[in-house]
Amino acid sequence: MYIKEHILSSLRDVLTGLGIDSPDIEILRPRDPSHGDLSTNVAMVYSKKLGRKPHDFANELIRKMEVNEDYISAVKTAGSGFINFFISDDYYRDSIEKIDRNFGRLEINSGKRANVEWVSANPTGPLHTGHGRQIALGKAIANLLEWTGYEVTREYYYNDAGRQMERLAESVYARYRQIIEPDYKFPEDAYHGDYVKEIALEIFNEYDDRLIDSDNEIFRKKAEDWCFRSIRNTLDRMGVIHNVFFNESSLYSSGKIEQVLESFAEKNLSYEKDGAIWLKTSVLLGNKKDAQDKVIVKSTGEPTYRLPDMAYHVDKIKRGYDLIIDIFGSDHGDTYKEVLAGVKGLGYDVSNIRVIIHQMVTFVSNGQPVKMSKRSDNVYYLDDLLDDVGEDVAQFFFVMRSPNTHLEFDISLAKEQSEKNPVFYLQYAHARICGILRNAENTLGDFLKAEADTSRLNNAEEIQLMKTLAYFPEIVESSYTTLEPHRIITYLNEVAENFHRFYHNHRVLDPDDKELSQARLKLCKATKIVLANGFEIIGIRAPERM
RNA sequence: GCGCCCGUAGCUCAACUGGAUAGAGCGUCUGACUACGGAUCAGAAGGUUGAGGGUUCGACUCCUUCCGGGCGUGCCA
């Protein structure tokens, strides 16, 4: 039984007894410990409607409430009308007994299916640092959904047709040609990245000059393969594994694009002008000021990206997910609204689609902006960043902040293998516990197997740590409802801080008091599990040694 | 011009989505083990939450007007 549920239902009983139908009750955690462990403002919310003074009403509620006195040691009212609940230490002692590998896993979404689509870079080059935040964020969010019970499909949407890929093929061909004829002119609008030369060289090594008169097709295919290998390799390093790669071109071959187009025409939501087909986005978006219609088929006959995007979302909706998540950078901030409005216009329910827009990242080192690593092509590739700071640090830094604020990624701090680096503070707490566990057998011997007596955990640091551990599931839940995994990090920081303080003040392994040692070991193990579970969600390793 | 996001300590950011005295890390200053890993711990200084107005028991949070920054803005994705 979670104590919060207990208080909630008890309050609900009293309020409905007073004639308030399905009362909206909020229970929160006061930051000032003198206000108790949990607190509610219901008296303030409802006293006005009932014409009562908040404080008097609060007192009445307390008198009528039935609470479990084993777990709730006191209920008090504050002058302003808050009701504060003081939870007994025994509740927390019992709760750490229940901490196992699955602690924090929720069942609120059991049996439901979610689809998370992210990264979705077209295969025109290696991933660069601009992709990093999205990769890390999507990874953490997908994990988070799984922790709430969802069965998650991780999806990657890409387009390997179209003009971009042609340009890439031409670029590779030009570099290939330059190997044979150094004076061959490289097109202005081509891809200038060094990787284009690498691809060309690989082709040259395989075919020598035999492809000099070939069409672009073989270059396009080779380039695509190379780029996807590169992308998947980088994703693999980041610990990201997509289980669906959705090719945009399948939307054409299956006729889904055509269907969407016809449907818009039937519903009178599109029209022709200047040889192009326009979607009435101004209407779909509610005729807001300056709203404008958008082209969905260019005068050349090619669709713009919006059209396949809409067909793609229709496809996802039809696949029957309970939750669909799209993750985009802020540079796509406007277009998703048009896409969703279009899908809605087609008559589909878009209410279970949630779009996460994350802001851009700037990389700084020693206070100076960083644009590139050591490359000649002026691009900071993600692989280089991972080489520079490591996978865990990169993952952590990208997820550390709320998605809708601009992120400053401090490379010099990230590189630092010291106490300044916030990742190590957390991982060190875990490694430290592992160190204690390694020593435990020596100190405790057979005593290790004995049942721990948690009533020996009495001092302030132990109790504070137990309290913090106990509300991990609530943090998972609030992270989930806001889809903000950085909340997990904020919480883990508190866990680590409480643990380090406890460790510093009390010796865990004491040969002269094996019972106490055993109890403290129990607390250490619980802490280790919570840290490891939190790390798993945000996507970093739980090191045994550092 | 318009749309979205942001503005909180010297710097980078939190703040349980409207709660009580706005909190961390870095930086600065001062301290702590002959002990399980000092990548640790204790303390100090640092704030008119960009500015004004409004909503209410209560505002960093909601509304409004400004100021400042990022991203986007009718046939690139």
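Naming: A, B, ... by sequence-line order, numbering from 1 per chain.
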Give [X] one of three labels, base, sugar-phosphate or nothing, depending on what nucleic acid heavy atoms sit under 4.0 Å from its own.
| X | result |
| --- | --- |
| A/H506 | base |
| A/D510 | nothing |
| A/T335 | base |
| A/R545 | base |
| A/I296 | nothing |
| A/R501 | sugar-phosphate |

Going by purine N1 to pyrimidine N3 plus the second Watson-Crick contact, or the G-U wobble pair, all under 3.5 Å, which nucleotide sits opposite [N]?
| N | answer |
| --- | --- |
| B/C26 | B/G10 |
| B/G1 | B/U73 |
| B/C57 | B/G19 |

Please work out which of the three classes, parallel, tilted or perpendicular, describes the rings of A/F228 and A/F245, given edges at 30° and 60°. perpendicular
When the ring planes of A/Y157 and A/Y312 are compared, do they come out parallel, tilted or perpendicular, using 30° and 60° as the limits? parallel
Report each atom pair, protein N/O against N/O of nucleotides 45-49 of chain B, whose distance is under 3.5 angstrom.
none

Quick one: [X] [atom1] to [N] [atom2], roughly how many Å, whole number?
| X | N | atom1 | atom2 | result |
| --- | --- | --- | --- | --- |
| A/N439 | B/G37 | CG | C1' | 9 Å |
| A/H504 | B/G31 | NE2 | C1' | 11 Å |
| A/R133 | B/G70 | CZ | P | 17 Å |
| A/E544 | B/G37 | CD | C1' | 14 Å |
| A/L407 | B/C13 | CG | P | 7 Å |
| A/D331 | B/C76 | CG | C1' | 12 Å |
| A/R520 | B/C36 | CZ | C1' | 12 Å |
| A/Y156 | B/A77 | OH | P | 17 Å |

Any salt bridge between A/R220 and A/E170, counting N to O under 4.0 Å? no
salt_bridge(A/E484, A/R487) N-O dist < 4.0 Å: yes
Under a 90° cut-off about 0 for the syn range, is B/U40 syn or anti? anti
Quick one: classify the glycosidic conformation of B/G53 as syn or anti, with syn meaning within 90° of 0. anti
Counting only side-chain N and O atoms of [X], is one of them less than 4.0 Å from OP1 or OP2 of [N]?
| X | N | result |
| --- | --- | --- |
| A/K298 | B/A77 | yes |
| A/K273 | B/C75 | no |
| A/R432 | B/U40 | no |

Quick check against the 3.5 Å criterion: does A/S95 have a side-chain atom that pairs as donor or acceptor with the backbone of A/Y92? yes
Test item: A/E494 side-chain N/O and A/Y491 main-chain N/O as donor-acceptor pair under 3.5 Å: no
Spacing of the [atom1] atoms in [M] and [N] (rounded, Å):
| N | M | atom1 | result |
| --- | --- | --- | --- |
| B/C66 | B/C2 | P | 9 Å |
| B/U61 | B/C16 | P | 12 Å |
| B/A59 | B/A24 | P | 23 Å |
| B/U64 | B/C4 | P | 10 Å |
| B/G46 | B/A22 | P | 14 Å |
| B/C26 | B/A39 | C1' | 15 Å |
| B/A15 | B/U65 | P | 27 Å |
| B/G23 | B/G47 | P | 14 Å |

Determine the sole option in A/R456, A/R520, A/K522 for which the salt bridge (Lys or Arg N to Asp or Glu O under 4.0 Å) test with A/E515 is passed. A/R456
Encode nucleotides 14-27 of chain B as B, S and - characters from 5' to 3', where the letter depends on protein heavy atoms closer than 4.0 Å: B to the base, S only to sugar-phosphate, - to neither. SSBB-BBB----SS
Nearest heavy atoms of [X] and [Y], plus distance in Å:
| X | Y | value |
| --- | --- | --- |
| A/H486 | A/M400 | CB-O, 3.3 Å |
| A/S39 | A/N84 | OG-OD1, 3.2 Å |
| A/V508 | A/C524 | CG2-SG, 3.9 Å |

Do A/Y428 side-chain and B/A39 base share a donor-acceptor contact under 3.5 Å? no
Side chain of A/E408 only, heavy atoms from C-beta on: which candidate in B/C13, B/C75, B/U40 is closest? B/C13
A/Q292 side-chain proximity, nearest of B/G37, B/U73, B/G3: B/U73
A/D510 side chain to A/S517 side chain, donor-acceptor N/O pair below 3.5 angstrom: no
Of A/D274 and A/M360, the one whose closest nucleotide on RNA chain B sits nearer the 5' end is A/M360
Could you pull out every donor-acceptor pair under 3.5 Å between side chains of residues 355-364 of chain A and any protein atom, sequence neighbours left out?
residue: A/H358; atom: NE2; partner: A/Q134; partner atom: NE2; Å: 3.4

